[in-house]
Each structure stands twice: as structure tokens, then as C-alpha cells.
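Each chain gets a letter, A, B and so on, in the order its sequence line appears, and its residues count up from 1.
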2 protein chains.
Amino acid sequence: MIIIAALRKSSRKRDAVLNVMRGTRSHPSAQWIYEVLRPEYPDISLGTVYRNLKLFIESGEVVSVGSVDGQERYDARTEPHPHFICTSCGKVIDLDCEMLSDAPYSGIEDKTGLKIESHSITYKGLCADCVQHGKRSSH
Amino acid sequence: MIIIAALRKSSRKRDAVLNVMRGTRSHPSAQWIYEVLRPEYPDISLGTVYRNLKLFIESGEVVSVGSVDGQERYDARTEPHPHFICTSCGKVIDLDCEMLSDAPYSGIEDKTGLKIESHSITYKGLCADCVQHGKRSSH
DNA sequence: GTCTGTGCAAATTGTTTGCACGCAA
DNA sequence: TTGCGTGCAAACAATTTGCACAGAC
């Protein structure tokens, strides 16, 4: 599928979407990418962002972090790593420290008959900024 | 907040929503709950299901498992436990085995300044049924 | 010519909300 | 009476899609 990705690709806007994804640690939404690209590509459309994100997800170059406040958030760092989501401001932060060992798959699979392909760990709470500003969890 | 929940509640339909949630292990969507309740409450509306789910989430009696195929899925078992999501049929399964220790919070919090309030572990892949029937991951 | 990527706007879909009514205190 | 729970339908918002066109080959 890397081959497929290599075959089927390249256009200025498509590349730009991937570059934005790779150049940020903010785990963006489609809307955010759209707004970042508009200055340089004034005629880009949100549909294009969505279409290309979907392609990148199929090819494995981008991964979804889940949906925050109703918007899907994406990540171009595809090695599994834990995320922290601030329930006040919606910020998504990488927690590079402490990863679940990637071994337990086989044990679980043997017992359950499942075929596990990925896993994710997500912490929720208040980010440092929101703690400082006395924000409260919006739940 | 248990007190608040105890004060503000009780209506046949509201109780019915919570009972459905507590009586299933299927991690239902609002739509699913609605369809289960309709035989007994033919005039119940989807809005009521959503409104009451939101209340239960605020009171902590129900928790969201995340969104699967565009629909939010809920769980009345609120103690943290890992989930498996089948990327072919959308089934959500409890993995009672193997839970991340709940200790690491303080270590992470000290280093990062975050206030962690919850965490979740989610595995994705194919469930036993879909493996057997040769289904493929829809990604 | 064909094929692919795109803008645009319309359609779709899950969820929320405004309003009026009905019931219980 | 006041207040809360609800049905209903409209509103909303994120995402998808149909269509016509542009540009690469």
C-alpha cells in the first residue's frame, strides 16, 4: 500500500495538506488545516482537505486521534503514542513518555480470537494552561 | 454530584434509558437505544434519548466510548476498562483482562503540569466473527 | 483524447434546540 | 400555579458527494 500511495499522488494542494500535517504537533482538524492553507492557496476548499485526509488515512500516512468537540482530529505521527486531550480547551498533546508495551497483542488475541491491529491510549483532563487559568472541565 | 443525580431524576422514560444502558454490554448508540425502547414506549423520541444520555454523562452514570462510524457510543460501566472496536462491523467489546495500572497519573502530572482526570485504552482490529467470515478492516 | 484533482454547492447525517403541551407537586 | 420532561420538527454542524471544469499526460 506504500506502493499505491507512491503511485497515486502528487498535486500541489495534496502535498500541502500532508506537509501541514507533518509540520505541526497540534493534531489539527480539517477546518484548521483549511485555514492554515488558505493564505497560500486562496482557492482551496474544505472538501479537498477532507478528500485528501481520507486518502492519507487509507494509505496509513495519517491517523485519526478521535473526535474532540465534534471535530475529528488527525495526526501524522503514526507510531502509536499516548495522547492527552484537554477537556476545557480541546488541545491535544503528545505524551511521549510511557508507552504501553506493544507486546500484549498476542496474549489477548489468543484468548479472545480478536485480530488486533492497533491500540491507543488517551488521557483526558486539564492542560497546564487551563489549570493555571482556573478553567474547569467541560463535562 | 451523586446527590444532584439523586435529586434531579425519575421519569419512566428517563429511567428506561438508563436501564437499557445498564442491561446491555453492547455499548449502544443513541439510535440503538431509541429502537430498543420504541416497542415499550412507542412515542419516545430520539431527542429524549439524547437529552437523557447527556444528563447521565454529566452525572457520571454513563460514559462515552468514542464515536464509531460516525455515531457516539455509550457505556454504563464507568470503571475504566479497555475496549476493542471492530473496524469491520463496528462492534465494541469490553476487554476485562489487562488494565493499565491507575497509578501513573501522578508521575505524568508532575512532569507535565497536566491534571489528568481519566484515561482510556482502545484496541482496534477485527472481532472474532469478522475474522471467521474473512471480513476486512474498513480503513 | 483520458484521468485525476479540485471548487463549489447541495446533500447527508448525527446531534441539538425551541416551542408548546402535559403532567406532577 | 410553577416547573420539569417530552414529542415534534426545525436548526445546526461536520462531513460527504455530484458535477463540471482544469490541468497533466
Is B:D43 salt-bridged to B:K13, cutoff N-O under 4.0 Å?
yes
d(CZ, B:R14; C1', D:dC4) in whole Å:
8 Å
Nucleotide nearest A:T48 when distance is taken to its side chain, options D:dG7, C:dG7, C:dT16:
C:dG7
Specify the separation, in whole Å, of atom OH of B:Y34 and atom P of C:dT15.
14 Å
Return the value, rounded to whole Å, for the distance between atom CD of A:E72 and atom P of C:dT15.
13 Å
When you measure from the side chain of B:R51, which nucleotide among D:dT15, D:dG7, C:dG7 comes out closest?
D:dG7
Tell me: CG of B:L46 to P of C:dT15, nearest whole Å?
8 Å
Round to a whole Å and report the spacing from CG of A:N52 to P of D:dT16.
12 Å
Count the heavy atoms belonging to other residues, nucleotides or ligands that lie under 6.0 Å from CG of A:D69, then report whether that count exceeds 12.
no
Considering only heavy side-chain atoms of A:D43, the closest of C:dG7, D:dT15, D:dT6 is C:dG7
Heavy atoms from C-beta onward define the side chain here; which of C:dT17, D:dG5, D:dT17 lies closest to that of A:K54?
D:dT17
Taking only side-chain nitrogens and oxygens of B:S11, does any of them come within less than 4.0 Å of OP1 or OP2 of D:dT6?
yes
Is the phosphate of C:dT15, meaning OP1 or OP2, less than 4.0 Å from a side-chain N or O of B:Y50?
yes
Over how many whole Å does the gap from A:R12 atom CZ to C:dG7 atom P extend?
12 Å
Report yes if some heavy atom in the side chain of A:I85 is under 4.5 Å from a heavy atom in the side chain of A:T122; otherwise report no.
yes
What is the distance, rounded to the nearest whole Å, between atom CG of A:L55 and atom P of C:dT4?
12 Å
Find the distance B:D69:CG to C:dG14:P and express it as a whole number of Å.
10 Å
Salt-bridge contact A:D129-A:K91 (side-chain N to carboxylate O under 4.0 Å):
yes
When you compare the side chain of B:H83 with that of B:D94, does any pair of heavy atoms fall below 4.5 Å?
yes
